[in-house]
Amino acid sequence: MANRNLTTKDILQKEFKTAMRGYSPAEVDEFLDNVIRDYESYNKELTQLKAENERLLSKVDELTKQATVAKPAYSAQPNTTVTNFDILKRLSNLERHVFGSKLDDTDEL
């Protein structure tokens, strides 16, 4: 990240020289107060985002470890893909075996 030259304390304690036709000190102070609030808001958001980033990175590491541990166990299982056609074919064979000729008789009606 880029280095910041100013802190909120530096902005708050900044003194400007006054001149004959210079800026209004109250207006400058008001503007610097707004700058301070923006700095504080920025720093707070930056801190929150860094914490969230660390949390998410640790979660990614954890899930990556789980995936690498689980992968060999999953790939060791044989491929047992059964299609609907295979199931229907087996069901038909079982029905013929159980009911025998009764199925053939009802098909003719």
Side-chain angles (χ1 to χ4, degrees):
M1 288 202 95
N3 293 332
R4 287 184 219 85
N5 295 328
L6 298 173
T7 65
T8 54
K9 187 176 180 180
D10 294 336
I11 296 168
L12 183 62
Q13 293 178 346
K14 176 66 178 166
E15 293 289 328
F16 293 95
K17 297 177 187 174
T18 56
M20 184 70 127
R21 293 185 176 203
Y23 295 107
S24 165
E27 191 176 341
V28 171
D29 286 343
E30 183 181 337
F31 177 77
L32 291 177
D33 288 342
N34 288 334
V35 172
I36 289 171
R37 281 192 291 278
D38 283 350
Y39 256 62
E40 289 171 345
S41 172
Y42 169 78
N43 284 332
K44 183 179 178 183
E45 184 177 359
L46 184 64
T47 303
Q48 289 173 344
L49 291 174
K50 282 181 179 181
E52 182 180 5
N53 190 33
E54 288 298 320
R55 182 184 61 81
L56 291 174
L57 287 173
S58 66
K59 185 72 172 177
V60 166
D61 289 343
E62 178 185 328
L63 292 174
T64 302
K65 287 177 186 174
Q66 287 178 1
T68 56
V69 168
K71 218 175 211 180
Y74 179 74
S75 62
Q77 295 176 350
N79 188 3
T80 57
T81 306
V82 178
T83 63
N84 287 342
F85 179 75
D86 294 333
I87 294 171
L88 289 174
K89 189 174 179 182
R90 289 181 64 195
L91 182 61
S92 176
N93 288 338
L94 286 171
E95 285 176 341
R96 279 204 177 92
H97 180 71
V98 170
F99 296 110
S101 63
K102 291 181 185 177
L103 283 178
D104 295 332
D105 293 341
T106 57
D107 289 341
E108 293 173 1
L109 293 177

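FYI, the numbering just counts along the sequence from 1.
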My understanding is that only residues two or more places apart in sequence, or in another chain, count here; which of them pass side-chain contact (heavy atoms from CB on, under 4.5 Å) with Glu40? Thr8, Ile36
What's the spacing between Leu46 CG and Lys44 NZ if we round to 0.5 Å? 13.0 Å
So, Ser92 side chain and Leu88 main chain: donor-acceptor pair closer than 3.5 Å or not? no
Under the side-chain contact (heavy atoms from CB on, under 4.5 Å) test, which residues partner Thr83, sequence neighbours left out? Phe85, Asp86
Option among Thr68, Thr64, Leu63 that satisfies the side chain to side chain contact (heavy atoms under 4.5 Å, CB included) test with Gln66: Leu63
So for atom CD, which belongs to Glu27, do other residues, nucleotides or ligands contribute more than 12 heavy atoms lying within a distance under 6.0 Å? no
Should we say atom CG of Asn53 is surrounded by more than 12 heavy atoms from elsewhere, each under 6.0 Å from it? yes
Results of side chain to side chain donor-acceptor pair (under 3.5 Å) for Arg37 - residues two or more places apart only: Asn34
Say you draw a straight line from CZ of Phe31 to CD1 of Ile11; how long is it, rounded to the nearest 0.5 Å? 9.0 Å
List for me each residue that meets side-chain contact (heavy atoms from CB on, under 4.5 Å) alongside Lys9, sequence neighbours excluded, and say none if there are none. Thr7, Gln13
CG on Leu56 to CG on Leu49, rounded to 0.5 Å: 10.5 Å
Take a 6.0 Å sphere around CD of Gln48 and say whether it holds more than 12 heavy atoms from other residues, nucleotides or ligands. yes
Could you work out, with side-chain contact (heavy atoms from CB on, under 4.5 Å) as the rule, every residue matching Asp38, not counting sequence neighbours? none
When you compare the side chain of Arg55 with that of Glu52, does any pair of heavy atoms fall below 4.5 Å? yes
